[in-house]
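Notes for the one structure printed next.
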There are 2 protein chains.
Amino acid sequence: MILSQTAVYALRATLCLAGHGPAARVRVDDIAEQLSVPRNYLSKILHALARAGVLTSSRGPGGGFQLARPARELMLSEVVEQFDELPEESGCLLGRAVCSDRDPCAAHHRWKDVSLSVKEFFRETSIGDLSPDGAALFTPIEHTGTPED
Amino acid sequence: MILSQTAVYALRATLCLAGHGPAARVRVDDIAEQLSVPRNYLSKILHALARAGVLTSSRGPGGGFQLARPARELMLSEVVEQFDELPEESGCLLGRAVCSDRDPCAAHHRWKDVSLSVKEFFRETSIGDLSPDGAALFTPIEHTGTPED
DNA sequence: TCTAATTATCATGACGATATGATGATCTAT
DNA sequence: ATAGATCATCATATCGTCATGATAATTAGA
């Protein structure tokens, strides 16, 4: 798998939040249940995303997590980079410390374009791009008072 | 990093063998030293490559490892797949068990092409393609009796 | 057959990623 | 202030990867 389990959880949780509408605030317990992900583990992940400015959190009754910005402005790279290292210029397929056009490893020239396309996928794709249907993103769903989902 | 440390060692060792000429037989100790890789660990890796038909091994004096086929016919995927799982059709970015055109995850359509380019890089690039200069690959170097390299 | 060379394999340990359970800190509503 | 809800954090457990050291098995050559 390209991404670590942790990064996958982070992506799915962020997508889950986006799916709840642009200003939805959702509790860790709800996200954990919807994603079938360990609660405390997810809590740590969401906290890291909040520190990174991807989400905001609020405690106490009515609290939870929400997107810090509109889904269309949140890039996958912002989520993933908190946990995994994306392929960088310096990220050599053969593990060399330095690997550049000037000082390339054996694989550098052939690998460069592929590596770049991976990096650009994460940099240029937004959470909004991946949300199941854009509709939910623009429909402010306010069911704060309906415990029966 | 895209590849595990083990897979990187495997690739570098195979490239190292290719660099010694088409029919070179090289000892684990020599490869380990040239690559600055733990000897016993490398031994296990090379053994796995031999089981997989990428290399052949022979024990005793004069023994060592050599490429099972010409470098141009050994694909990177053959080496890497023994240790890492390459992105498959079933390999979902979001970790879903099934993820296809019919039953796609949120990222499937946008991720597909990128994933495919990664897979094809490993499937369509040979060890020979990456050998520093093709010259060595076509120059039958027979220095079986010259211990001084 | 004996010895040295060399790969094959086993037992073990260090470490990080993943995960669980318990407790602390903070917020809202009363 | 108090209580309950909710996120924050800590201590710990588990597992796989990476790595080391010791020993076994096999082979070539004297």
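Model, not experiment: these values are computed from the prediction. In what follows, every chain begins at residue 1, and chains take the letters A, B, ... in the order their sequences are listed.
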Review point. If you check every side-chain atom of A/H47, which of C/dT9, D/dT9, D/dA19 has the closest atom?
Key: D/dT9
Study note, to complete from the structure: Given protein heavy atoms under 4.0 Å, the one-letter contact record of nucleotides 21-29 of chain D, with B base, S sugar-phosphate only and - none, is simply BB--BSBS-
Check your understanding: Got more than 12 heavy atoms from elsewhere within 6.0 Å of CD, B/E33?
Key -> no
Practice item. Verify side-chain contact (heavy atoms from CB on, under 4.5 Å) between A/L76 and A/F121, making sure each step is shown before the conclusion. Key: CA-CA 8 Å; A/L76 300 195; A/F121 169 82; 3.8 Å; yes
**Study point:** Point-to-point distance, once rounded to the nearest 0.5 Å, from CG of A/L46 to CZ of A/F65
**Key:** 4.5 Å
Review point. Hey, does the side chain of B/T6 come within less than 4.0 Å of D/dC18's phosphate (OP1/OP2), counting only N and O?
Key: yes
Point to revise | B/R27 side-chain proximity, nearest of D/dA19, C/dT6, C/dT18 | key: C/dT6
Practice item. I would like to know whether B/D129 and B/S126 meet side-chain hydrogen bond (donor to acceptor under 3.5 Å, both in side chains); could you show each step before the answer? Key: CA-CA 5 Å; B/D129 288 335; B/S126 74; 3.3 Å; yes
Practice item. Decide yes or no on side-chain contact (heavy atoms from CB on, under 4.5 Å) for B/L86 and B/V118, but give the supporting numbers first. Key: CA-CA 8 Å; B/L86 291 185; B/V118 172; 5.8 Å; no
Practice item. Calculate the interatomic distance between B/I45 atom CD1 and D/dT20 atom P; express it in whole Å. Key: 11 Å
Study note, to complete from the structure: Taken to the nearest whole Å, CG/A/L42 to C1'/D/dT9 is 15 Å
Review point. Can you tell me if the side-chain N/O atoms of A/S57 get under 4.0 Å from OP1 or OP2 in D/dT6?
Key: no
Point to revise | Atom-to-atom span, CG of B/L49 to P of C/dA8 - whole angstrom | key: 11 Å
Check your understanding: CG/A/L74 to CG/A/L49 distance, rounded to the nearest 0.5 angstrom?
Key -> 9.5 Å
Study note, to complete from the structure: For B/P104 and B/H109, the nearest pair of non-hydrogen atoms, with its separation, is CG-NE2, 3.8 Å
Study note, to complete from the structure: If each end axis of the helix from C/dT1-D/dA30 to C/dT30-D/dA1 is fitted on five C1' pair positions, the angle between them, to 10 degrees, is 10°
Review point. Taking atom P of C/dG16 as reference, at what distance in whole Å does atom NZ of A/K44 sit?
Key: 14 Å
Exercise for review: Just compare C/dA8, D/dA19, C/dA19 and give me whichever is closest to any side-chain atom of B/Y9.
Suggested key: D/dA19
Exercise for review: Take atom CG of A/D29 and atom P of D/dA8, then tell me their distance rounded to the nearest Å.
Suggested key: 13 Å
Review point. Between A/W111 and B/F122, what is the ring plane arrangement, given parallel below 30°, perpendicular above 60°, and tilted in between?
Key: tilted
Exercise for review: Whole angstrom is fine here: how far is it from CD in A/Q82 over to P in C/dA17?
Suggested key: 15 Å
Review point. So which one's nearest nucleotide on DNA chain D is more toward 5', A/S43 or A/G63?
Key: A/G63
**Study point:** Euclidean distance, B/R102 CZ relative to B/H108 NE2, rounded to 0.5 Å
**Key:** 12.0 Å
Exercise for review: Give the rounded distance in Å between these two atoms: CZ of A/R51 and P of D/dT9.
Suggested key: 8 Å
Review point. Is it true that B/M75 and B/L130 fall in one hydrophobic cluster, defined by side-chain heavy atoms closer than 4.5 Å?
Key: no
Point to revise | Length of the line joining B/L55:CG and C/dT7:C1', which is rounded to integer Å | key: 13 Å
Exercise for review: Give B/F83 one of three labels, base, sugar-phosphate or nothing, depending on what nucleic acid heavy atoms sit under 4.0 Å from its own.
Suggested key: nothing
